[in-house]
Amino acid sequence: MLMTFFREEHELFRKSVLNFVEREIRPHVEEWERAQSFPREIFRRCGELGFLGAHYPEEVGGSGGDWWYAAAWGEALTHGRCAGVAMALMVQTDMATPVIAELGTREQKEEFLAPALRGEKIAALGISEPGCGSDVASLRTTARRVEGDYVINGAKCWITNGTRADFITLAVRTGPEGSGFGGISLVTFPTDVKGFRVTRKIAKIGNHASDTAELSFEDCRIPVRYLLGEENRGFYYIMQNFQGERLIAAVSAVAGAQLALDETIRYTQERTAFGRPILKFQVWRHTFAQLATEIEAARWLTYRAVDLYNRKQDATREITMAKLFAGELACKVADRCLQAHGGFGYAEEFPISRYYRDVRLITIGGGTSEIMKEILSKRMGWG
Amino acid sequence: MKILVTVKRVPDPEQKIKLKDDRIDLSAANWQLNQFDEYAVEAALRLTEDARNPATRLGEVTVVSLGPAEVQQQLRAALAMGADKAVRVDSRDEDLDADIVARTVEKLVRRDSPDLVLMGKLAADNEGNEVGQRLAGYLGWPQATFASIIEVVEGGKALLVGREVDAGVEMKKVRLPAVVTVDLRIVAPQAIKNGRTPPDHAYPEGPRYASLKGIMAAKKKPIEELTLAQLAIQPTLRVRTVSVRLPPPRKAGIKVSSVQELVDKLHNEAKVI
């Protein structure tokens with residue numbers, strides 16, 4: 001679909017990613033879902049093809065494209081019908097790495113960012129903890145300065161790519177206990193440091209092909225040069241970083257919902273009951289008309305946010321709204337589409353059942369819908 | 001080696017066909033590069049590169065298409081895969097038939113003198129499978145159709161071509177310049193030996209994906225625009241479409257309970273045995 005914002009080269013890029021997804025991802029999804037993992041090779045091939053660094057500057061190994069490449073990437077990935085793989089790759093491109101491009105030193109970019117964009121190192125983002133998720137300001141993993149090092153102690157939870165990440169963009173408390181949002185820093189943390197351990201792989205209701213880990217840090221020493229930006233400014237950086245993460249989540253939510261709806265419409269055209277296709281029942285035609293309208297609305301809200309973000313304007317309001325609206329909508333679309341499939345919707349053999357399980361994460365990950373509303377109401381000056 | 005590759009845009013074969021005013025309705029068509037032509041582009045690239053160092057070109061690949069301005073998208077896609085330049089001959093799909101296309105390509109071949117014309121064995125829209133054969137005839141060049149193997153031999157003066165025929169693979173030597181049309185298996189990992197890439201090199205199966213680097217580079221590659229008149233082609237159709245009809249819907253099958261019943265039905269009802 002050619003949109004105003006996407007130019008010919010974005011469309012070529014989208015087509016190339018789609019091709020890759022159709023040939024290298026989609027045929028293996030069942031197997032990877034069962035294995036609860038997918039080959040590292042996928043990262044490497046995506047890196048080789050320039051998919052991972054599309055919207056990163058050339059000096060860090062990217063292609064210098066704008067954010068519409070990220071949008072095309074996020075949309076095309078949904079066609080694998082496997083949110084697990086899509087999310088693992090989006091963590092690599094838009095969640096764990098942008099902050100390194102933004103704040104990292106030349107050494108950090110060479111050691112972490114460039115190999116991540118080449119697909120040689122897998123990246124993870126470590127913010128949530130067993131005791132705090134949305135409430136970032138109360139995180140408790142500490143980093144004490146000892147000689148020229150940080151000594152890190154604590155635990156992280158819900159970490160996508162966590163069991164096999166080569167490095168983690170990690171949030172730690174560098175300020176004293178009780179320092180709240182003013183005592184948080186971000187560091188690049190290589191996972192081969194002594195004292196680091198994957199405590200467990202978390203079993204989830206969806207996103208099976210992607211690993212989600214709980215991690216523990218026991219006297220892990222990393223040099224102070226791994227600090228990202230300034231010490232104790234981490235909370236602010238995280239909030240900034242969330243913008244790209246939430247935006248790609250919204251983009252992906254809209255595209256996934258559209259795909260689910262299109263496939264459901266196709267299915268209900270073919271499936272008959274009481275002597276006619278399901279689609280010929282007014283109740284379903286109206287349901288789909290409503291959902292198609294809402295998806296279109298979500299798309300343009302999201303594109304509006306992408307456009308602002310791409311032009312480096314303040315987009316917090318629009319991104320927050322897009323993540324909230326598209327996320328909640330995707331869950332609704334999944335629910336209605338599954339219903340339209342009847343018994344088959346509840347059977348594993350239809351992609352809609354996986355979509356239904358996977359989609360549930362969207363209103364939770366990257367900031368819950370409740371947090372989105374909190375952010376918005378505060379910005380409006382109500383809170 | 002200088003290679004000319006013909007490419008055609010076709011409507012997505014997965015899309016449902018609709019008729020309107022006795023014609024196939026293409027207003028909502030999702031156009032894409034004909035798959036066999038994509039294989040021909042891949043084959044041309046494999047012939048003109050050293051796989052150990054694909055950035056260095058050992059030859060030149062020109063992609064040619066006949067069609068409206070939008071065909072530029074498909075040409076750009078071939079350039080993004082790695083082709084060096086493109087030619088678009090402006091025309092409307094309804095003004096073309098296999099003969100006009102063959103004659104047009106003939107003019108371009110005579111003008112540019114490639115060593116090899118590579119084509120898909122057919123286009124997925126009407127599955128004509130004619131242009132390559134006609135072109136070879138007009139040029140008086142040797143042809144090898146349905147190639148699944150191509151090996152450069154005699155120091156680049158000839159090709160050994162494996163052709164898929166009913167009984168197996170027929171090996172044929174064609175002297176260059178020649179016309180070769182390719183089949184699906186030409187994109188198998190070791191289907192092409194160009195004398196430079198080590199013979200044991202295995203490509204990933206299938207046509208290559210356009211890398212983002214390739215896409216960015218394609219923006220700067222030239223697409224020459226020509227008209228049929230500039231090539232002195234008389235657009236007189238030899239084939240006219242009289243009408244178009246969808247095949248009748250297939251009746252539901254039946255289950256038989258025994259071999260005997262099957263034989264009975266085939267003999268007495270279907271009358272095929």
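Below, chains carry the letters A, B, ... as their sequence lines are ordered, and counting in each starts from 1. FYI, side chains are in, hydrogens and waters are out, and symmetry mates aren't considered; it's all heavy atoms of this structure.
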J.: Counting N and O atoms only, with roles assigned by atom type, does the side chain of B:D183 sit under 3.5 Å from a partner on the main chain of B:R185, one being a donor and the other an acceptor?
T.: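 No: the side chain of B:D183 does not pair with the backbone of B:R185.
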J.: Could you check whether A:K15 pairs with A:E11 (Lys NZ or Arg NE/NH1/NH2 to Asp/Glu carboxylate O, under 4.0 Å)?
T.: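 Salt bridge between A:K15 and A:E11, a charged N being under 4.0 Å from a carboxylate O: no.
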J.: On a heavy-atom basis, which atom in B:D125 and which in B:K8 lie closest, and how many Å separate them?
T.: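 Smallest interatomic distance, heavy atoms only, reads OD2-NZ, 2.8 Å.
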J.: Is there a donor-acceptor pair under 3.5 Å between the side chain of A:H10 and the backbone N or O of A:R7?
T.: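 Pair found, side chain donor or acceptor close to backbone of A:R7.
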J.: Taking 4.5 Å as the heavy-atom cut-off, does anything in residues 18-32 of chain A contact chain B, and if so which residues?
T.: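 Residues of residues 18-32 of chain A touching chain B at under 4.5 Å: A:N19, A:F20, A:R23, A:E24.
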J.: A:H55 and A:N310: side-chain hydrogen bond (donor to acceptor under 3.5 Å, both in side chains), yes or no, with the steps?
T.: CA-CA 10 Å; A:H55 58 298; A:N310 188 45; over 6 Å; no
J.: Take A:Y69 and A:W73 through the ring pair (Phe, Tyr, Trp, His ring centres under 6.0 Å) test and state the conclusion after the steps.
T.: CA-CA 6 Å; A:Y69 282 97; A:W73 162 249; over 10 Å; no
J.: So which bits of residues 203-223 of chain B come within less than 4.5 Å of chain A, counting non-hydrogen atoms only?
T.: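 Only B:P204, B:E205, B:G206, B:P207, B:Y209, B:A210, B:S211, B:L212, B:I215, B:M216, B:K219 of residues 203-223 of chain B have a heavy atom under 4.5 Å from chain A.
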J.: Honestly, is A:R81 close enough over A:Y355, meaning NZ or CZ under 6.0 Å from the six-membered ring centre and within 45° of the axis?
T.: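 Checked: cation-pi criterion not met.
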J.: Give me the one residue out of A:T264, A:L259, A:D262 that meets side chain to side chain contact (heavy atoms under 4.5 Å, CB included) with A:C337.
T.: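 Testing each of A:T264, A:L259, A:D262 against A:C337, the sole residue satisfying side chain to side chain contact (heavy atoms under 4.5 Å, CB included) is A:T264.
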J.: Grab the two heavy atoms, one from A:S210 and one from A:M87, that are nearest each other, plus how far apart they are.
T.: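 Taking every non-hydrogen atom into account, OG-CE, 4.1 Å.
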